[in-house]
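Let me begin by presenting the structure, written as structure tokens, before commenting on it.
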Amino acid sequence: MIKKMLALAVLMLAPLAAQKFEGLAPTPPMGWNTWNTFQGKISETLIKEAADALIANGMQAAGYKYVVVDDGWEAPERDAAGNLVPDPERFPHGMKALGDYLHAKGFKFGIHNCAGTKTCAGLPGGRGHEFQDALSYASWGVDYLKYDWCNHGTANSQETYNTMRDAIRAAGRPIVFSLCEWGDTKPWTWAKDTGHLWRTTGDIMDCYDCQGAYSLGWKFILDIEADLAQYAGPDHWNDPDMLEVGNAGQTPAESRAHFTLWAMLAAPLMAGNDPRKMSDDTRRILTDGEVLAINQDGLGKQATRFMKHPGKQIWAKELSNGEWAVCFFNDSDETVRLRIDWSSLTFLKGTYRVRDVWGKKDIGKTDVGFEAGLPGHDVILVRLRPSS
Ligand code: GLA
């Protein structure tokens, strides 16, 4: 008997294999992040103003709940004990106070750091300090950690991100773990048990189809996502990077199309505009309940590309209850004439009622074809419901 009890006690003390905190992202996380508009020019004042604006303009009510402080919040050095320190001028009250402010306003608190020795902005990175840093994040009330990949040297990605995952686990506070490894080592093939989302590409640029050395317009990101649908699902999402909706490099049609396609991709929706100066058009796009419902559908499927012809792409996302979202996207610069014979969409079974999501109207059933003009870089989004 005593032997048995001893064996049981040993079993209970044996370290469990560390794992991510399960169930924190059953649908794609939604929020706002400082980087796309502000880069390193951030402060606690800006973040509080942004949070207040997200409440005033309806973004929070629409579901944007994570406020994520990206690169630039740190002081240039750790303290004598090796702890991360916020920049004393721009974050004079410290990160715990900022987290408290956000929580009191109903948000979740996100923060950025890097798996390398330094962040991309040259501030202290997490390498070698993972367990210590996770304790800091937990003590500040952090709910979401975006973990970057600059200055990683010869580090192995899976090992490095698993170390941070284990550190978060050991610190004991449930934190959504967002891998920002840019798709370098195909995290979709290994990160399901490591984090809740992983970047699939280099950085998004505020444009439709421009390209930098390392960054790219959303049209190119979209092409990369086309092969990745099978890897996404509840609690483990492909992240095609944050939104540029409402930013200067997008026409209104491009903002709408970018948002629609990210919704179709079951992408995490992190707004990247200045919420204090949001036009009505931008607000209408980002808070559209019908589009958000497609993104947040509980089945958690990422859309696949059913067809790609010049000027005519068709994306299809299976939804709960036998419903489908279908997005027609004109990737050319000219208006095209769409003629849809629903029976050619071979994934459909039977007849459906058709809802034009952006047009805000029901447009009949799939037993009658559908025809419309579609301007360049724009989309038509329909939701199909089985018709009894
Ligand atoms: C990388 C990331 C970006 C942003 C910057 C911050 O480029 O991919 O999303 O976090 O670092 O320096």
Side-chain angles (χ1 to χ4, degrees), residues 28-30 33 36 180-184 186-188 197-212 214-233 237-247 249-273 285-286 288 291-292 294-297 300-318 324-336 338 345 347 357-358 374-382:
M30 291 172 61
N33 175 302
N36 283 358
C180 181
E181 174 270 9
W182 317 321
D184 278 7
K186 299 189 169 41
W188 47 90
L197 60 156
W198 48 78
R199 279 274 297 279
T200 52
T201 67
D203 289 6
I204 194 167
M205 284 177 91
D206 180 19
C207 61
Y208 174 64
D209 60 359
C210 59
Q211 279 192 75
Y214 164 72
S215 40
L216 59 181
W218 63 260
K219 175 190 169 169
F220 299 116
I221 295 183
L222 182 68
D223 279 335
I224 295 168
E225 305 317 294
D227 295 328
L228 302 181
Q230 60 176 298
Y231 300 104
W237 308 102
N238 290 314
D239 175 6
D241 206 0
M242 302 171 294
L243 297 168
E244 294 285 7
V245 172
N247 288 341
Q250 312 285 330
T251 65
E254 288 165 353
S255 271
R256 199 159 66 111
H258 168 31
F259 185 67
T260 307
L261 287 157
W262 261 229
M264 292 290 287
L265 292 173
L269 297 179
M270 292 290 163
N273 57 323
I285 292 171
L286 287 170
D288 188 284
V291 181
L292 290 171
I294 289 170
N295 173 259
Q296 295 288 304
D297 183 83
K301 292 251 184 163
Q302 173 173 329
T304 54
R305 184 156 57 191
F306 178 72
M307 190 188 90
K308 183 179 196 284
H309 286 179
K312 290 176 192 167
Q313 296 192 19
I314 302 179
W315 289 78
K317 182 182 198 295
E318 190 181 356
W324 286 87
V326 179
C327 178
F328 305 99
F329 167 45
N330 177 359
D331 62 8
S332 78
D333 299 338
E334 312 298 329
T335 297
V336 294
L338 273 185
L345 303 189
F347 52 89
V357 172
W358 286 115
L374 179 55
H377 309 183
D378 207 344
V379 286
I380 291 174
L381 174 64
V382 296

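In terms of heavy atoms, Ala263 sits closest to Val291 at CB-CG1, 3.6 Å. Pairing each heavy atom of Ala226 with each of Arg305, the nearest pair is CB-NH2, 3.5 Å. Considering all non-hydrogen atoms of both residues, Gly272 and Asn247 come closest at O-ND2, 3.1 Å. Scanning all heavy atoms of the two residues, the minimum distance from Gln313 to Asp223 falls at NE2-OD1, 4.5 Å. Closest non-hydrogen pair, Cys180 versus Arg199, comes out as SG-NH1, 3.4 Å. The two residues Met205 and Gln211 come nearest to each other via the heavy atoms SD-C, 3.8 Å.
Checked against the 6.0 Å centroid criterion, the rings of Tyr231 and Trp198 do not qualify as a close aromatic pair. Residues Phe306 and Trp315 place their aromatic rings such that the two centres sit no closer than 6.0 Å.
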Open item on the list: The test is side chain to side chain contact (heavy atoms under 4.5 Å, CB included); show your working for Gln302 and Asn238 and say whether it passes.
Closed with: CA-CA 9 Å; Gln302 173 173 329; Asn238 290 314; 2.8 Å; yes
TODO: Evaluate the criterion side chain to side chain contact (heavy atoms under 4.5 Å, CB included) for residue pair Trp324 and Leu345; output intermediate values, then yes/no.
DONE: CA-CA 11 Å; Trp324 286 87; Leu345 303 189; over 6 Å; no
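Side chains of Trp218 and Glu244 form no contact here, defined as non-hydrogen atoms less than 4.5 Å apart. The shortest side-chain heavy-atom distance between Leu222 and His258 does not fall under the 4.5 Å cut-off. With contacts defined as side-chain heavy-atom distances shorter than 4.5 Å, the pair Lys317/Ile294 qualifies. Inter-residue side-chain proximity for Leu261 and Val379 is flagged as met; some heavy-atom pair is nearer than 4.5 Å. A heavy-atom distance below 4.5 Å is found between the side chains of Pro28 and Gln296. Residues Ser332 and Pro310 are not in side-chain contact: their nearest non-hydrogen atoms beyond the backbone lie 4.5 Å or more apart. Looking at heavy atoms from C-beta onward, Phe328 lies in side-chain contact with Val382 at the 4.5 angstrom threshold. Side-chain atoms of Met270 and Pro29, non-hydrogen and from C-beta on, do get closer than 4.5 Å to each other.
Formation of a donor-acceptor pair under 3.5 Å by the Asn330 side chain with backbone atoms of Lys312 is not found in this model. Judged purely by atom type and a 3.5 angstrom limit, Asp241 uses its side chain to pair as donor or acceptor with the backbone of Ile204. Side-chain N or O atoms of Asn295 include one that pairs as donor or acceptor with a backbone N or O of Ala267 at under 3.5 Å. Put simply, the side chain of Arg256 never gets that close to the backbone of Phe259: no donor and acceptor are under 3.5 Å apart.
The residues Asp297 and Lys301 are annotated as not salt-bridged, no charged nitrogen and carboxylate oxygen being separated by less than 4.0 angstrom.
For the atom pair CG of Leu197 and CG of Asp239, the computed distance is 5.0 Å after rounding to the nearest 0.5 Å. Separating the CZ atom in Phe329 from the CG atom in Asp378 is a distance of 9.0 Å, to the nearest 0.5 Å. Taken to the nearest 0.5 Å, the OG1 atom of Thr201 stands 12.5 Å off from the CZ atom of Phe220. Atom CG of Asp203 and atom CD1 of Ile221 lie 8.0 Å apart (nearest 0.5 Å). Note that the OH atom of Tyr208 and the CG atom of Asp333 stand 7.0 Å from one another [nearest 0.5 Å]. Note that CD of Gln230 and OG1 of Thr304 are 11.0 Å apart. Values are rounded to the nearest 0.5 Å.
Of the listed residues (Asn36, Leu286, Asn273), just one forms a side chain to side chain contact (heavy atoms under 4.5 Å, CB included) with Leu243, and that residue is Leu286.
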